[in-house]
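Hydrogens, waters and symmetry mates are skipped; everything else that's a heavy atom, side chains included, is used. Letters A, B, ... mirror the listed sequences (proteins, then strands); counts begin at 1.
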2 protein chains.
Amino acid sequence: MASKKASAKQTASTKPSKPVHEPYPASSPEVEVLVQEVISRVADTWTMLVLEALVEHGRLRFTELGRHIPGISQKMLTKTVRQMESDGLVERTVYPVIPPRVEYEITNLGYTLSEAFCGVWIWAEKNHKKVEAARAAFKSRVV
Amino acid sequence: MASKKASAKQTASTKPSKPVHEPYPASSPEVEVLVQEVISRVADTWTMLVLEALVEHGRLRFTELGRHIPGISQKMLTKTVRQMESDGLVERTVYPVIPPRVEYEITNLGYTLSEAFCGVWIWAEKNHKKVEAARAAFKSRVV
DNA sequence: TTCTATACTTACCCAAAGGTGAGCGATATG
DNA sequence: CATATCGCTCACCTTTGGGTAAGTATAGAA
């Protein structure tokens, strides 16, 4: 985000006062589509929460993991964790014992993603009061 | 993300080899709920794309904005942009002329959010190939 | 007079997200 | 012999997301 594409128009922009922020070069449209797809999958609420739980608590069994994510159902936990495994964000280890034992652990890739999300968490912690204030103001303005 | 809460257990963690990453202090559960709520709203695909379009192109009219977001419908553009206005991410200016003229501009708050998301965009650009590779490997492993 | 332009809103519809509850399989424990 | 255990899967249902198409208001152009 924040000026992903280089745009010559920026120079003659309608808002020259705002700092132009150009941290990395433009990418091709195909890459951009892939990037969007990855983000929309990864920015999913459950994915973020599973990631967080695993970063915080390390290797966890299925039901343990679930207990660290208040409100998640078995169905969604299974689905999320499978998807994350398929995306290379977690590693799933099955012990062929009875009753079954399955453990989940974050991968390096998953860890780097959780670091990348840090900025958004920090933003949200810093600014959620502003958001709430804006909502209150909007409400009274509109009604 | 990435170890949001301080946890004493980390020291005796199951994964002492992985770097413990503790960038900011623990927050109360209520704050955490709010933060999650804000993130889940803000991590929405359309919100991210509108934010990006406004950062890139500055102040835009409704239909102009829509043209910069391929695939969005009028309905979703209206909805997204209203929600962002209510959250204080964009400013909406109505000119009472006919035909109507409405302009949208990113706020400071919206701008800081787009900066926070930068990390995730960068991660996705850097790692989408790894994700694709992981998916391919998973597919062949499972089938 | 009729058509166009803009920024919507509304009604209707379909598909996906996600909850609930039941079942399963084999072993250990009472 | 019965029951609990764990990590699921499956069927069924409701809720939400989101698309499409039509309608609206009014000034100015043709």
**Asked** Given C:dT6, is OP1 or OP2 found less than 4.0 Å from the side-chain N or O atoms of B:Arg67?
**Response** no
**ILVMFWY cluster membership beyond B:Ile98 - transitive side-chain contacts under 4.5 angstrom** = none
**Item:** Atom pair CD (A:Gln83) and OG1 (A:Thr47), whose distance is rounded to the nearest 0.5 Å
**Value:** 5.5 Å
**Asked** If you fit an axis to the five pairs at each end of the helix from C:dT1-D:dA30 to C:dG30-D:dC1, how big is the angle between those two axes, to 10 degrees?
**Response** 20°
**Request:** Would you mind reading off the distance between B:Arg101 atom CZ and D:dG28 atom P, rounded to a whole angstrom?
**Result:** 16 Å
**Request:** With heavy atoms under 4.0 Å as the rule, sort A:Tyr104 into base, sugar-phosphate or nothing.
**Result:** sugar-phosphate
**Complete:** Rounded to whole Å, the CG-P distance (A:Leu77 to D:dC8) equals 8 Å
**Request:** Would you mind building the protein contact string for nucleotides 17-27 of chain C? One character per nucleotide, 5' to 3', B for base within reach (heavy atoms under 4.0 Å), S for sugar-phosphate only, - for untouched.
**Result:** SBBB----BBS
**Message:** Strictly below 4.0 Å: does B:Arg82 bring a side-chain N or O up to OP1 or OP2 of C:dC8?
**Reply:** yes
**Message:** With a cut-off of less than 4.0 Å, is there a side-chain N or O of A:Thr63 near OP1 or OP2 of D:dG7?
**Reply:** yes
**Asked** Closer than 4.0 Å, any side-chain N/O of B:Arg61 to the OP1 or OP2 of C:dT6?
**Response** no
Show which side-chain atoms of residues 73-80 of chain B pair as donor or acceptor with protein atoms under 3.5 Å away, not counting sequence neighbours.
from: B:Ser73; atom 1: OG; to: B:Met76; atom 2: N; distance (Å): 3.3
from: B:Thr78; atom 1: OG1; to: B:Gln74; atom 2: O; distance (Å): 2.9
from: B:Thr80; atom 1: OG1; to: B:Met76; atom 2: O; distance (Å): 2.6

**Asked** Excluding sequence neighbours, so at least two apart, what forms side chain to side chain donor-acceptor pair (under 3.5 Å) with A:Thr63?
**Response** none
**Prompt:** With respect to A:Asp87, which candidate in B:Arg135, B:Lys139, B:Lys130 satisfies the salt bridge (charged side-chain N to carboxylate O under 4.0 Å, His left out) definition?
**Reply:** B:Arg135
**Message:** Rounded at 0.5 Å granularity, tell me how far CG in A:Leu109 sits from CD in A:Glu91.
**Reply:** 12.5 Å
**Request:** Take the angle between the ring planes of B:His68 and B:His57 and call it parallel below 30°, perpendicular above 60°, tilted in between.
**Result:** parallel
**Request:** Please name all residues satisfying side chain to side chain contact (heavy atoms under 4.5 Å, CB included) with A:Val94, sequence neighbours left out, ordered by chain then number.
**Result:** A:Arg92, A:Val102
**Message:** Tell me the interatomic distance from B:Tyr95, atom OH, to C:dC8, atom C1', rounded to whole angstroms.
**Reply:** 18 Å
**Asked** To the nearest 0.5 Å, how far apart are CZ in A:Phe138 and CE in B:Met84?
**Response** 12.5 Å
